Amino acid sequence: MDDRDRAQPPDLNTMPRFAGVPSFMRLPVESDYTKLDIALIGVPWDGGTTNRAGARHGPREIRNMSSLIRRINHATGLAPFDLCRVADVGDTPVNPINVIDTLDRVHDFYDQIVKAGVVPLSAGGDHLVTLPILRAVAARWPVGMVHFDAHSDTTDSYFGGEKYTHGTPFRRAVEEGLLDPKRVVQIGIRGALFDAGDLDFARDSGMRIITIEEFHDLGIDAVIAEARRVAGDGPTYVSFDVDGLDPVYAPGTGTPEIGGFTTHEAQRMIRGLQGLDLIGGDVVEVAPPFDPSGNTALVGATLMFEILCALADAVDRRRGD
Ligand code: MN
Ligand code: MN
């Protein structure tokens with residue numbers, strides 16, 4: 001591939017980072033998927049939120065704060081914009097007043113991305129948006145998942161039978177054959193339960209739950225090793241709910257739970273996934289109205305960059321050059 005195909009953020013000598021149209025990581029906005037290896041996508045929707053809404057505003061604020069992102073991962077040395085053709089492809093269509101219609105619109109958008117052979121990296125949106133993404137990336141076979149979250153998101157239903165909420169996506173994904181639960185690891189799980197059996201589905205289906213207590217007991221290197229063991233060699237998706245972080249680092253989210261991991265621990269864990277067969281990722285539940293400082297959106301943008309580095313490395317490995 002010719003280096004000229006690989007877009008870079010604008011030269012700082014001609015365009016300082018606070019200037020210009022605020023695309024993800026100051027990259028070009030591109031609608032021709034044939035020009036891309038990795039697409040950065042916003043899903044501005046929070047209609048699956050059961051309590052405090054606001055994540056529909058996530059993509060715009062993450063784009064804004066992502067102007068702070070630079071080119072090279074200081075810890076791993078990875079330069080994703082050199083390895084892969086990356087661009088912002090905009091936001092998916094959504095319907096803010098209809099859940100099922102939105103799931104279809106979001107799925108249709110990702111279906112086009114995946115069929116073009118492009119790896120999606122997304123900014124939510126609430127966590128229900130991961131379900132239509134999985135319907136696209138796992139259309140042919142179930143995938144594994146490394147899932148960072150305070151919550152398992154495997155409840156059956158809310159409000160007397162509503163099946164599609166941000167507390168239910170991974171139960172639906174298992175039922176629909178999108179996730180191989182034996183290749184799913186959930187890291188950071190905590191918070192009081194509604195019912196003593198709230199985690200039964202995840203455990204009974206074979207998901208590996210690493211509670212925040214076990215996270216601290218094991219230590220970060222052992223947690224990374226366990227995540228890699230569970231995910232194995234098969235195609236694996238990364239989903240990062242910012243409420244997995246302690247709310248001191250990410251207060252701008254709808255369902256904060258104290259006692260979470262730090263931003264640095266999150267960065268270390270994502271870097272530890274390098275080498276897995278990663279086929280997509282997302283950062284969800286950034287709700288800017290709860291954090292006027294903008295820090296949660298900066299956290300979201302930076303975690304997207306960390307995931308992007310691991311994805312670009314995976315794309316490069318599959319390419320075999
Ligand atoms: Mn979640
Ligand atoms: Mn959560």
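Note that the structure is predicted; figures quoted are calculated from it, not measured. Heavy-atom basis, side chains included; hydrogens, waters and symmetry copies ignored. Both ligands and their constituent atoms are indexed starting at 1 by order of listing.
At a cut-off of 2.8 Å, Asp153 coordinates the Mn ion (ligand 1) through an N, O or S atom. With 2.8 Å as the limit, Asp149 counts as an N, O or S neighbour of the Mn ion (ligand 2). For the Mn ion (ligand 2), the N/O/S atoms of His166 include none lying under 2.8 Å.
Ser152 pairs in a side chain to side chain donor-acceptor pair (under 3.5 Å) with only one of the listed residues (Gln186, Arg171, Arg203), which is Gln186. Of the candidates Arg60, Arg26, Arg63, Arg63 is the only one forming a salt bridge (charged side-chain N to carboxylate O under 4.0 Å, His left out) with Asp88.
For His151, the N/O/S atom at the shortest distance from the Mn ion (ligand 2) is named ND1. Looking at His127, its N, O or S atom nearest to the Mn ion (ligand 1) turns out to be ND1.
A salt bridge links Asp156 and Arg172; the closest N-O separation between the charged side-chain nitrogens and carboxylate oxygens is under 4.0 Å. Using a 4.0 Å cut-off between a side-chain N of Lys or Arg and a carboxylate O of Asp or Glu, Arg319 and Asp37 qualify as a salt bridge.
Vertex the Mn ion (ligand 2), arms ending at OD2 of Asp241 and OD1 of Asp243: the angle is 90° after rounding to 10 degrees.
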Derivation and outcome, side-chain hydrogen bond (donor to acceptor under 3.5 Å, both in side chains), residues Asn95 and Thr102 = CA-CA 5 Å; Asn95 178 342; Thr102 298; 5.1 Å; no

